[in-house]
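Notes for the one structure printed next.
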Amino acid sequence: MEVFGKYLEKMENEVQRSRMREILSWVKSTFPSLTPKLAWNQPMFTDHGTFIIGFSAAKGHFAVSPETRGMDAFSDAIARSGYSRTNNLFRIKWNEPVDFSLLERIIRYNIEDKKDCTAFWRKQP
């Protein structure tokens with residue numbers, strides 16, 4: 001996952017860097033058909049040129065962005081996991097466990113939902 005190397009190197013906190021590397025590696029190994037990409041200085045994964053999931057690091061958490069439709073589809077599950085959220089992303093504190101089952105379901109949903117998508121982002125209704 002060389003594409004994320006410089007991004008990870010810029011993370012000053014070694015624990016956070018290691019955690020982000022773990023998450024990105026998990027996505028790549030669980031979904032080997034996805035393409036890792038760095039865009040807008042954020043690690044993300046695409047499928048046939050369309051956005052599937054993105055991540056970003058902040059001081060107290062990392063954010064997971066599955067687009068609004070992905071957030072809406074899993075709103076209850078995200079709330080049950082205890083993660084804070086906005087319309088477009090949810091936040092996992094660095095010291096919180098990652099609900100990998102939820103993350104996998106969200107990614108699978110986006111892959112299926114966007115299988116015929118020809119744009120990078122979903123077109124809003």
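For the atom pair OG of S29 and CG of L34, the computed distance is 11.0 Å after rounding to the nearest 0.5 Å. Atom-to-atom distance recorded for D72:CG and R69:CZ is 9.0 Å, nearest 0.5 angstrom. Note that the OG atom of S75 and the CZ atom of R80 stand 9.5 Å from one another [nearest 0.5 Å]. Summarising the geometry, atom OH belonging to Y83 is positioned 14.0 Å from atom CG belonging to L89; distances are rounded to the nearest 0.5 Å. The distance from atom CZ of F100 to atom CZ of R105, rounded to the nearest 0.5 Å, is 13.5 Å.
Minimum heavy-atom separation, N110 to G70: OD1-CA, 4.1 Å. The heavy-atom pair separating V3 from P36 by the smallest distance is CG1-CB, 3.6 Å. R17 approaches L8 most closely through the heavy-atom pair CD-O, 3.0 Å. Annotation for D99 and L102: closest pair OD1-N, 3.0 Å, computed over non-hydrogen atoms.
A single hydrophobic cluster is not seen to contain both L24 and F51; linkage of ILVMFWY side chains at heavy-atom distances under 4.5 Å, directly or through other members, places them apart.
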Review point. So I106 and V64, side chain to side chain contact (heavy atoms under 4.5 Å, CB included) or not? Walk me through it.
Key: CA-CA 10 Å; I106 291 170; V64 181; 5.8 Å; no

Exercise for review: Decide yes or no on side chain to side chain contact (heavy atoms under 4.5 Å, CB included) for M20 and F4, but give the supporting numbers first.
Suggested key: CA-CA 10 Å; M20 183 64 79; F4 301 137; over 6 Å; no

Practice item. Decide side chain to side chain contact (heavy atoms under 4.5 Å, CB included) for E96 and S81; before the verdict, give the C-alpha distance in whole Å, the side-chain angles of both, and the deciding distance to 0.1 Å. Key: CA-CA 10 Å; E96 282 183 309; S81 291; over 6 Å; no

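K6 has no carboxylate O lying under 4.0 Å from a charged side-chain N of E9, or vice versa, which leaves the two without a salt bridge.
Taking the side chain as every heavy atom from C-beta outward, N95 and V15 never approach each other to under 4.5 Å.
For E104, the side-chain contact (heavy atoms from CB on, under 4.5 Å) test picks out W26, T30, F31, R108, with sequence neighbours left out.
For E12, the CD atom counts as loosely surrounded, since its 6.0 Å shell holds 12 or fewer non-hydrogen atoms of other residues, nucleotides or ligands.
T68 and R122 share no side-chain donor-acceptor pair at under 3.5 Å. Side-chain atoms of R19 and N13 form no donor-acceptor pair, as typed in the model, at a separation below 3.5 Å.
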List the atom pairs, with distances to 0.1 Å, where a side-chain N or O of residues 52-61 and a protein N or O form a donor-acceptor pair under 3.5 Å, not counting sequence neighbours.
none

Sequence neighbours excluded and cut-off under 3.5 Å, please list the side-chain donor-acceptor pairs for residues 38-49, or say none.
unit_1 : atom_1 : unit_2 : atom_2 : d
H48    : NE2    : K114   : O      : 3.1
H48    : NE2    : C117   : O      : 3.0

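Using cut-offs of 30° and 60° for the angle between ring planes, the Y109 and F74 rings count as perpendicular.
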